[in-house]
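Below is one structure; the comments refer to it alone.
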Amino acid sequence: MIHSLFLINCSGDIFLEKHWKSIVSQSVCDYFFEAQEKAIDVENVPPVISTPHHYLISIYRDKIFFVSVIQTEVPPLFVIEFLHRVADTFQDYFGECSETAIKDNVVIVYELLEEMLDNGFPLATESNILKELIKPPTILRSVVNSITGSSNVGDTLPTGQLSNIPWRRAGVKYTNNEAYFDVIEEIDAIIDKSGSTVFAEIQGVIDSCIKLSGMPDLSLSFMNPRLLDDVSFHPCIRFKRWESERVLSFIPPDGNFRLISYRVSSQNLVAIPVYVKHMISFKESSSSGRFDVTIGPKQNMGKTVEGVVMTVHMPKAVLNMNLSATQGSYTFDPVTKVLTWDVGKITPQKLPNLKGIVNLQSGAPKPEENPSLNIQFKIQQLAISGLKVNRLDMYGEKYKPFKGVKYITKAGKFQVRT
Amino acid sequence: MSGSGLSYSEQGAEVAPELGQEAAPTTTPSAPAAFGLFSSDAKKNEDLKQMLESSKDSAKLDAMKRIVGMIAKGRNASELFPAVVKNVASKNIEIKKLVYVYLMRYAEEQQDLALLSISTFQRALKDPNQLIRASALRVLSSIRVPIIVPIMMLAIKEASSDLSPYVRKNAAHAIQKLYSLDPEQKEMLIEVIEKLLKDRSTLVAGSVVMAFEEVCPDRIDLIHKNYRKLCNLLVDVEEWGQVVIIHMLTRYARTQFVSPWKDDEMVEEYSENNFYESDDEKKEKDRKVKNTYTMDPDHRLLLRNTKPLLQSRNAAVVMAVAQLYWHLAPKSEAGIVSKSLVRLLRSNREVQYIVLQNIATMSIQRKGMFEPYLKSFYVRSTDPTMIKTLKLEILTNLANEANISTLLREFQTYVKSQDKQFAAATIQAIGRCATNITEVTDTCLNGLVCLLSNRDEIVVAESVVVIKKLLQTQPAHHGEIIKHMAKLLDNITVPVARASILWLIGEYCERVPKIAPDVLRKTAKSFINEDDLVKLQILNLGAKLYLTNSKQTKLLTQYVLNLGKYDQSYDIRDRTRFIRQLIVPNEKSGALSKYAKKIFLAQKPAPLLESPFKDRDHFQLGTLSHTLNSRATGYLELSDWPEVAPDPSVRNVDVAESAKEWTGILGKMKKEKTEKFYSESEEEEDESASASASESESSSESEEEDEEEGNSDESSGSSSSTEESSDSESDNKASTTKKTSRAADESDAENIKKKEKRTSEKRSASSSSDTESVSSEEGSSDSKSDSDSKSDSESGKSKSAASNKKEEKAVQDRKAPNKDVFLLDLDDFCPVTTPVVVPTAAVLSPSLTADLEGLSLSSSSVIDVTKPVSVPTKTHELLHRMSGKGLAAHYHFSRQPGIFGDRMVSVQVTIKNTTDQKIENIHIEEKKLPSGMRMHEFTPIECLEPAGSITVSMGIDFCDSTQMASFQLCTKDDRFNVNIQPPVGELLLPVTMSEKDFKKEQGMLTGMNETSATIAVAPQNSTRLVIIERVMKAANLGVVPSGQDNIHRFAAKTVHSGSLMLVTVELKENSTAQLVINTEKTVIGSVLLRELKPVLSQG
């Protein structure tokens, strides 16, 4: 399956290589660089590249290209999904998945990669298992290790590996037993010029942070489970329970993990919590244009919309922008032509407005199309779909856990065409 | 040594000290500074070497870390090999691991030195710690040194029957490694694969299928027997394994089942209809096939068991299921995957890219699947271009009369996009919509013409190309558009567009007779500066005009032809020569020039605007080949559906075979109905297989009807678990016993066949009508009637009045006469000594129990009574032949729960007649039972023939005590006092529980409920298998899966009161063991302890 892995940074340096079978020369990456050059934008590098003897499957994460070398037929998603899992693991271990973090922890990275793949086939990818095999670096541990000479490597087989619940490690102990659930919903929407919704749907996830001792068996039920249109589960969830009773029943992994992700279908009407009034125009003659945008809240169940940020990719012809904002601050990057307006909280009494003049390159033709506005926002204590957790029960352990549920609604890919 | 050889080439002066150092770790002064650049690197390695030779682990560890850092960067660290390899036996586990990393990287280059490490691994392969065994196997198999192939082979074989599923998983991985190292070993490896395929651990399943795919993907026959198991295990396999298994099963299913598609061919727009249209008869036939189609239950099983995986968080799994449904499901059902695929579009761009590609292919063939999700494919300005174009592709595929207006509005936005590449693609898309949907062709054309005035050249050029294609499909009166385009020629510089315009004008030059010559004039002027593509079209235009309007253009054309004659490109020179010969009449030109007009101005077929994904559908979806649209190495073709399904019975898990296996374990056992087993099981379904097995037993083995009933009820109730355990012992028991027993059984089966034949012959002699009912030796599913008829035919001979008694009795009685017949035929017939067949008997490996538990989703803390794990063959004497006046009786405990009542222990009594007369009316009388004890007698035996024997079962409630049950065994004229005393181990019923539950329960049963003892364990008893086997033999306990190698746990509950009995055997050092029993019933607990002690300490 996966033959080798190369990590390449943005400037094209191969800073890590790992081979699971015989060694593949670095020169195979030249094909990748070629494709990268052709693509211009990093986003457009094709994930699958065919070379005379190998196939390269790559992902781009946190300014690093993970390029894997494949020799025979394999489902490409298999490799892509695995590479993302590798990146997730780095993130989990080092707090960030950056070049410096990887270089600083190269030994742990190597040990991890060794455990995650055997002969190119995934062996252990569950973070709970990996953490038992190879302990994540902490300052305390590195001090202790240097004094006592003990190691980061566990010497027993993680019990999870053998049990039927590989995601949980055994012998978990906490003094405070807590279970937190964050219901996070994102609104994906395309709003057209006139303000009507072209497309809108809600993508939700429930992220959990579970710190419970022993082997707790949890079941989480919703007030309105029928809302969930399409759900994907963490492997710990018992599918049959969900099918029959619409209850999430599971023995949770230890720590942070994504319990489910779901979609509330576009058939249901999705409430759009903000509206945008815009007036963007370019004048041919004077090589300038006008820019006037106002953001206001729509009906949103009495919650305030906060963390509002607008980003606009202005046309190439734009030289500079002279704007004034009634609230928040704006920046315009003349190189990437990205306008960012950090609005903050929206108060219905005084609507935030950004207005001013756009300077165009003289002589350049006026831009064909107005740029579309990407909006971000956040609403605390609200799940826009109306999803509500009913109760959480715990079986199998005797203590009383502390339980908490938090709701939050965010803008996902929220785009206003102008 | 190549290590020093390498450094030799770098700097000769260092060789000597280096070699010296290898022999004795004395530090020598490093290379002189004069060596400059080279020496700094060498010096560094020098101090690494010193660190590696130091006695301190921390220094070694540091050095290893630095070396790993070098490897990671791709720097050469091979010269350190000798120094590193010495540390392979280090006690420090981290150093060890890093040395492994190093070894795997460089062993191939330094094969001789690598051999030094092999013995360490061989030793580690025997380590009691499964992690160490596994990692030793991993490293050993990763060292790509051909010399050790035999060692690897041996190690793999051994590991494949390891008790730990983790080690077996690693063995499966090692198979692939060995195969790539030495393909010669294929045959041997296939054997190992075959063995591992039978493994029931979810941990192993994915890896072994991977090995199968790599080594012998064509050996589909290995899958048959494991097909259902794999389907059932699939949900519990780890996600990566799921992907591999699903892909394999897809291929498998395409070879084994008939197409489910014929059914809905009519409904689908899939254009196979044309094929049959002319042939009505064929169609008729087809309809017939359609009417009779029913899906193979195995096919259904696969579809049913993969469906939940659509909910997986892993995109690869979802995609794998989607392609499975696409390739295997009836078209009406494939729709369920679209929702999940659309969900994946939220994922990162790489996943989106692959998923969109697959959707694009799907949407060409079956629009309906994705139509409801049309809006999910709307493009965002922030999407990367490759995603945008794919989405556009799908939108175009989905376009139809109903949604085209919304789509066109959407396209309008896209055309204006700043991303010009995307805008161009949109224009192409509009063109395709226009040709596919005739209603909107004109609208589209007008829109495209508007775009001709666009400022961006790429957009205009693309529009021209598309308009050209559109005009060609609709050669109506579009003179205006052509004129408009002719004007554009002055401004457009993009070669394709220019070429397109020129071709259009040339093709329709008769519609624009005034403009065309003028265009030729202009282009002739700029000829030398044009692109090749344009030049060719200028030549074409010239030729066409020459033919239609030679008066005006003759000279112009000749001028162009002259220019072409001296062009740099031979292509153009070639074309020029060709055209000249054709159109300019001269003496040399042949007959062709007469037809020049026909050649040039022929009606040309309109180009078909097609999706670029049209030709991808011959690749299996979700594969690399599909993504690349070219065959990748190792791509396995998905075969077409077979016309006629191959024999479905090959997938039947052979109950008989597994039955044979467990009889082998239990000891010698005579079975009379192997024959029936075969014929029955072939027709039975997986789920009912075990139930039917016991049914057939009940009808043919002539045991007590009611007992069997209980048995079969139970087994059907928990059919899945029964089925599971039935062949589970494959890895536990030595294969030798299996083989011998199998051989023995086979010969038995033959004998039985003979018997059957003879009896049937006899019967046919006696009555002709009977023969028919019996003759169905190979496949009468109704074994009941079969055996009934037997007893009928026999009834005349035997004087018993069985036939008019109630059913129960009839069945019981059948035995005697039947046997009579057999006895006459066979000399080697020995009386049946053993007991009821317990369909589950086998030593359950602990991992299996864990797996079983994983299968039931509501497992949380359930303590279930399970089937006994092994049934001891030890029998106790009830009545000796001498004291019983020729009547002998033995009893043993069958470990069958709840046949006569929940609290009864079932006892099997075998009664033998050693006299030469019939013994009649054997029954029980005068029970003298202690208070509370109860007994369920066996039904009286009417008559026992001389030398005959019969086994009956009875139930006794011992009240959880070891007191005797005394009673009288009576015959017609005698009565004998007998008694049954139960060993304490038989007063229990095994239960399964998880380790967690066990510990919890144990925690509640401490203090005075706990009895313990330290015992010396005989060395040969210290392996897990032996301990389990011995303990099981002594007492009816259930194995509890244990995470530790040295602790073995067993659980049971007492038959009468149901109180838990928890047994823990913990192996200590110097061959002692701690035996702990926790139970409320302290008396029984201490008795059990006393009994278990010798069991483990005895050799």
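Every chain is numbered from 1, with letters handed out A, B, ... down the list of sequences. Worth knowing before you read on, the calculation uses all heavy atoms, side chains too, and leaves out hydrogens, waters and symmetry mates.
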Max heavy-atom pair count under 4.5 Å with chain B, selected residue of [options]:
{"options": "A/Ser372, A/Gly412, A/Pro235", "value": "A/Pro235"}
{"options": "A/Leu16, A/Ile14, A/Asn119, A/Asp118", "value": "A/Asp118"}
{"options": "A/Val107, A/Val106, A/Ile57, A/Ile260", "value": "A/Val107"}
{"options": "A/Val79, A/Val45, A/Leu7", "value": "A/Val45"}
{"options": "A/Val48, A/Asp41, A/Ile23", "value": "A/Ile23"}
{"options": "A/Asp192, A/Ile190, A/Asp230, A/Asn374", "value": "A/Asp230"}

Contacting moiety of [X], where chain A heavy atoms sit under 4.5 Å:
{"X": "B/Glu213", "answer": "neither"}
{"X": "B/Val459", "answer": "neither"}
{"X": "B/Leu621", "answer": "neither"}

Please look at [X] and chain B and tell me whether the side chain, the backbone, both or neither of the residue comes under 4.5 angstrom of a heavy atom of that chain.
{"X": "A/Gln71", "answer": "backbone"}
{"X": "A/Tyr60", "answer": "both"}
{"X": "A/Glu81", "answer": "both"}
{"X": "A/Trp242", "answer": "neither"}
{"X": "A/Phe82", "answer": "both"}
{"X": "A/Phe15", "answer": "backbone"}

Between OG1 on residue B/Thr623 and CD1 on residue B/Ile354, distance to nearest 0.5 Å: 10.0 Å
Under the side chain to side chain donor-acceptor pair (under 3.5 Å) test, residues paired with B/Asp383 that sit two or more places apart: B/Lys391
